[in-house]
Structure formats: structure tokens, C-alpha cells
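Here is the structure we will look at, set down as C-alpha cells.
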Amino acid sequence: MTGQRWNPERYRSDAGFVAELGQPVLELLDPQAEEAILDLGCGDGTLTAKLVAAGARVLGVDASPAMVEAAREQGLDAHVVDGHALAFNAEFDAVFSNAALHWMTDPDAVLAGVGRALRAGGRFVGEFGGAGNVQAVIDAMEASFAAHPEFGPFDLPWYFPTAEAYAERLRAHGFRVERIGLHPRPTPLPGELSTWLAIFADAITTRLDDTQRARFASEVMAFTRERLHTPGHGWHVDYVRLRFAAVRDA
Ligand code: BEZ
């Protein structure tokens with residue numbers, strides 16, 4: 001992931017919905033007591049703690065030192081590791097990942113590491129942004145950059161594949177795909193879309209100064225208001241989740 005900075009306090013207060021909405025993927029994982037689970041992209045550890053509460057032995061890894069520190073403050077075993085460079089060898093019964101794989105833009109490197117980390121027959125269960133995820137916001141961000149050549153090039157830091165493309169990659173890395181599908185999930189925000197942009201689109205605006213960033217946020221809100229804002233209900237974002245369960249073949 002390039003240039004994205006994370007602030008655990010802000011994440012907890014304004015993006016708590018990310019972990020709160022993780023129940024379906026937790027249920028798909030169905031963690032068992034005593035099994036060894038790698039939580040890939042554990043963030044501040046909110047879901048890692050749920051895996052621990054289920055009795056599993058859990059190691060959390062995340063590329064953000066600030067998030068790993070927040071997870072450790074909860075008493076979790078967490079380490080700063082780039083998901084593209086997992087160096088585990090047949091150590092886990094399951095690898096779990098929620099809302100993190102879209103930040104890892106070389107999926108083959110990630111899948112190779114997950115495959116090595118799992119014992120034969122181990123499960124890889126996750127959920128992340130799939131094709132069409134936050135498309136209304138992306139279109140608006142692109143339009144704002146197009147209107148301001150001084151903002152520089154518009155580069156997306158995310159990987160949002162179709163179910164078919166990701167299933168093919170999983171199979172190419174020796175996984176048997178048991179479940180995979182896209183789930184549109186319009187998601188209400190607790191506050192303004194500008195707050196969401198400040199948390200999640202940081203990597204897109206790192207080259208902008210404060211005035212440009214404010215202009216970018218107000219234009220994105222203006223361009224999306226009709227689709228993503230309802231008077232009296234506030235903002236929602238057009239999330240589309242790609243949820244899957246796969247097994248590493250022996
Ligand atoms: C997501 O969880 O789908 C997401 C997170 C950050 C930016 C875009 C999408």
C-alpha cells in the first residue's frame with residue numbers, strides 16, 4: 001500500500017462500522033477452539049479479538065505500525081508485516097482477512113504467501129472490496145482530479161476484482177474455491193463523506209496541499225450527493241463486498 005496513513009483513534013470513532021459489519025465473514029470462517037489463525041490485515045484488532053474469544057490461537061499482521069500498536073494495546077499478538085511478503089511456513093489452520101485485501105495490489109504475491117502459511121487442507125476465508133466497490137465515489141474523485149490538472153495524476157490504490165477473476169487466481173495458487181460471490185452492501189456512514197475520504201482516500205490526496213484537499217472533498221461530496229446522500233438519513237457509500245472461502249489443497 002503506498003502513502004496511506006492510518007490513525008487508530010479516528011478509525012475507531014469514524015470507521016467502526018468496518019469491523020461491526022464483519023459478522024458474515026466471521027460466520028463463514030467459523031473459528032474453532034485451539035486452531036491457529038492468521039488475521040491478515042488485522043487493523044486495530046477488533047475482529048482479531050473476536051477470533052481469540054472463540055478460543056483460537058491468533059496472530060494478527062498489518063502493514064500499519066499504528067494499527068498494530070492499537071491491536072497490541074488490546075493484549076493481542078500482532079506484528080507489522082506486509083501482506084505481500086508473508087514468511088510463514090505451514091503454520092496456520094486458517095487465514096482470515098476482513099476489509100484488507102483490496103489494499104494489497106499484487107494479489108499473486110499475497111496468495112503465494114497465504115498458500116505457504118497454511119497447512120494442507122487449511123482455509124482461506126475473507127471479505128474485501130469487489131468489482132464496483134465505491135464506484136460512485138471513485139467516479140467523483142476522478143472527475144475532481146480531471147477538473148484540476150494541478151492535482152497531478154489520479155491513481156487508485158485499491159484492487160477490486162470480480163468474483164470470477166479472484167476465483168481463477170485462487171485456483172492458480174492451489175486453492176479449491178468453496179464459496180465466492182459479490183455482495184452489494186450500501187453502508188450508512190456515521191458522519192460526513194468528507195470524514196470517510198480523510199480516512200480511506202488519504203493515499204489519493206497525499207500530494208495535495210490543505211486547500212486542494214478541502215476543494216477535492218467538497219467536489220466529491222457535490223458530485224455524489226444525489227446518489228449517496230438522503231436528507232434526514234445522511235450519507236451512505238456504495239460498498240460491494242467480495243466474500244469467499246477456499247481450501248488449500250494438499
Ligand atoms: C472497502 O473496505 O471496501 C474500502 C476501504 C477503503 C477504500 C475503499 C474501499
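Note that ligands are numbered from 1 as they come in the structure, with each ligand's atoms numbered from 1 the same way. Only this structure's heavy atoms are used, side chains among them; waters, hydrogens and symmetry mates stay out. Since we're looking at a predicted model, the values are computed, not measured.
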Which is closest to atom 7 (C) of ligand 1 in terms of heavy atoms, F17, W158, F160? W158
Side-chain touch E69/P8, heavy atoms, less than 4.5 angstrom: no
Running the 4.5 Å side-chain criterion over Ile, Leu, Val, Met, Phe, Trp and Tyr, what cluster does F223 land in, apart from itself? none
Can you find an N/O atom of W196 closer than 3.5 Å to an N/O atom of ligand 1? no
Closest protein heavy atom to atom 5 (C) of ligand 1, given as residue, atom name and distance to 0.1 Å: H102 NE2, 3.5 Å
Which residue owns the protein heavy atom closest to atom 9 (C) of ligand 1, what's the atom, and how far is it? N133 ND2, 3.4 Å
If we number the atoms of ligand 1 from 1 as shown, the ones under 4.0 Å from a heavy atom of Y239 are 1 (C), 2 (O), 3 (O), 4 (C)
Are F216 and F145 close enough that their ring centers fall under 6.0 Å? yes
Just jot down the ligand 1 atoms closer than 4.0 angstrom to any heavy atom of W103, in number order. 6 (C)
Ligand 1 atoms nearer than 4.0 angstrom to some heavy atom of F200 are 5 (C), 6 (C), 7 (C)
Suppose we call two aromatic rings close when their centres sit under 6.0 Å apart. Are F124 and F96 close by that rule? no
Taking the six-membered ring for Trp, are H102 and W158 closer than 6.0 Å centroid to centroid? no
